[in-house]
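First comes the structure, then the notes that go with it.
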Amino acid sequence: MSEAISRLKKDYLFNLALKGQREDGRGFDEVRDLIVETNVIDKAEGSAKVLLGDTQVLVGVKLQVGSPFADSADKGVIITSMELNPIASPNFEAGPPREKAIEMARVVDRGIRESGAIDLNKLCITEGVEVWIVFIDVHVLNDSGNLLDAASIGAIAALMTATVPGEREGRGDDVKLPICEMPVSLSFVDIGGELVIDATNNEESVSDLRLTIVTNQDGSICAMQKSGPGTLSEENFLRSVEKSREIGAQIRGEYLLNI
Amino acid sequence: MSDKPEKFIDENGLRLDGRRVDEIRPMTVEMGVLSRADGSCYLEWGNNKVLAAVYGPRELHPRRLQRPSEALVRYRYNMAAFSVEDRIRPGPSRRSTEISKVSGEAFEPVVMKQFYPGAVIDVFAEVLQADAGTRTAAINAATLALVDAGIPMKGLVASCAVGKVDGQLVLDLNKPEDNYGDADLPIAMTEDGEITLLQMDGNLTADEIAKGIEMARKGCEQIFAIQKEALLSKFGTTDEEELLKEAELQAEVATSEDETEDVEVVSEVVSEVALEDEDDELKDEVDEDLELQDEGEAFTDDEVEDTSDEAEDLFGEDVSEFEINEGTESEGDSSSEPEGAESDEDEGEKNE
């Protein structure tokens, strides 16, 4: 039954794509309405709620004192987790994160880590003994597609509003979390050979390929991930790189710079 | 950590291990090394030692995972606890879960899953010694293990990474380049250049990415040549007697087909005709299957021969540099060699 429905849905969406259209009337390069609210959870050191169309994601940042990794004794630690809670979609089940959630969490993490968004050197308390551990927890509330980009935007927005709780932990004064980059993640999915951005859950369900590209302020790329069993042509890939730079800059200017 | 080399590329354009920027590390492969597996391949690439095995197609349990119209391709990337400098906890980690997922997806486009509905094709890749680029090494080994298992495939998959050190793009990162370099871009592609795996971390400009893809393509071409030579040495035959036998067999099939046609023509009893028709339908189906299988296996015979000749033309001496293991050495010996395992922060659990 579900297979028959998905086949009909696939036909419908692929045919629309052939005509250059999408189910909600957007263009291929058009992002849904985006609302980023920050400081929505007082108990967290930083937080952000992202509404991307009907998709809702809440990201909380907590900091704790802990020990550093042996190979980076003078640097803070980032730990990113993401759970696909059953509240967010009829397709999600309770339980420990599975590969889909782990992959998304790791791509969000890669964007933050590799862009150098957090100045980890400043999060060292005593070299080799104590550093700040930054926990980024993504709480998915409603999956209407493109959780990955919503989570990435939420993560950097929450980090930008976060404080290092020095007083609470008895490690000096409260200071702002040192942020030096604003990475923006943009995901494309393949609909009948066309790559469209910010896919809805319907579009995701008929696509066999997702390409995520995370860009920095200077237009360089800090993380990428191809996901799904489909193949990607070099031409489509390089075109996506250009688009992600362009649209990433727009999203950064409109939603992140004023936080 | 102050082990970072001052320079990764010397004034002669050579890297720390003496390679040029567009050169891959020496790779040796040996197929059919595990007797219980349906297909297997042991691969050494630089200091990486990787073992891949394929089990299946076989029945998939639990049954709710079965797919009604195709086989499931399941890939498990696993690192041995002793494969890196600091022991890693055995068993799946978040890192290995992600790599398993994307590596399996790298094979989905080439494996002809439609032949085995409800079944599973299990690919197991074990990293015995890690030295930068283990996921790409595992993919290269897994391709050959799939062929060794006789899984019908549209073509091969090859994988290698491009990185950046000293502001320059380099192919197939070695350990120091991986640890202290500015970027890592692992890619897998099919023989016709479609990208089936793509990840990246670090920092690259759009131009560098475009150049990197081209570089990875050249690397993959070198790997395809190595893979094809391995296939040729295991499955290729130029024995005239065998070719003759094959020709005879084909002739026999042809004559038996004629006979069945005759029967159909002379038969006057209706029910018999009906039976005959049914038989023919069945036979047609079988023929179709055979044809499809022929397509799937074709590259192990004809195409491999052709393309590896081409490859030899293209790469000249380069190909002969990569020794193909002739299958005399036991794989177990080499995996237990205590060759300098180096610290492996990215391969390990740093990110967790």
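Chain letters run A, B, ... following the sequence lines, proteins first, then strands; residues in each count from 1. The basis for the numbers below is simple: all heavy atoms, side chains too, and nothing from hydrogens, waters or symmetry mates.
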| message | Checking B:D201 against A:R113 for the side chain to side chain contact (heavy atoms under 4.5 Å, CB included) test, could you report, in this order, the C-alpha distance in whole Å, the side-chain angles of both residues, the deciding distance, and whether it holds? | response | CA-CA 9 Å; B:D201 58 60; A:R113 183 186 306 276; over 6 Å; no
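Here A:Q225 is the residue among A:Q225, A:R98, A:E242 with the most heavy-atom pairs under 4.5 Å with chain B. In terms of heavy-atom pairs under 4.5 Å with chain A, the best-connected choice from B:R217, B:M189, B:E108, B:E194 is B:E194. With chain A as the partner, the residue from B:A183, B:P109, B:P92 showing the most heavy-atom pairs under 4.5 Å is B:P109. Counting heavy-atom pairs closer than 4.5 Å to chain B, the top-ranked of the candidates A:S220, A:G230, A:P229 is A:P229. Of the listed residues B:V73, B:D207, B:T97, the one with more heavy-atom pairs under 4.5 angstrom with chain A than any other is B:T97.
Contact annotation for B:I213: only side-chain heavy atoms (C-beta onward) come within less than 4.5 Å of a heavy atom of chain A. Heavy atoms closer than 4.5 Å to chain B are found in the backbone of A:T80, but not in its side chain. Of the two parts of A:I213, neither the backbone nor the side chain holds a non-hydrogen atom closer than 4.5 Å to a non-hydrogen atom of chain B. Only the side chain of A:N216 comes within contact range of chain B, judged by heavy atoms closer than 4.5 Å.
For the residue pair A:K226 and B:E105, the shortest heavy atom distance occurs at NZ-O, 4.0 Å. Minimum heavy-atom separation, B:V102 to A:E103: CG1-OE2, 3.5 Å. Taking all atoms of both residues into account, the shortest heavy-atom contact from A:S227 to B:K101 is OG-NZ, 2.9 Å. A:I221 and B:A206 make their closest contact through CD1-N, 4.1 Å (heavy atoms, listed as atom of the first residue, atom of the second, distance). When all heavy atoms are compared, the tightest approach of B:G202 to A:E114 is N-OE1, 3.2 Å.
Rounded to the nearest 0.5 Å, atoms CG (B:L204) and CE (A:M224) are 7.0 Å apart. The CG atom of A:L211 lies 8.5 Å from the CD1 atom of B:I195; values are rounded to the nearest 0.5 Å. Once rounded to the nearest 0.5 Å, the distance linking CG of A:L232 with CG of B:L197 reads 11.0 Å. A:F237 CZ to B:I187 CD1: the interatomic distance, rounded to the nearest 0.5 Å, is 6.5 Å. If you take CD1 on A:I102 and CD on B:E98, they are separated by 9.5 Å, rounding to the nearest 0.5 Å. Separation of atoms CG (B:D86) and CG (A:D71) is listed at 7.5 Å; rounding is to 0.5 Å.
Residues B:M200 and A:R110 fail the side-chain proximity criterion, which asks for heavy atoms closer than 4.5 Å.
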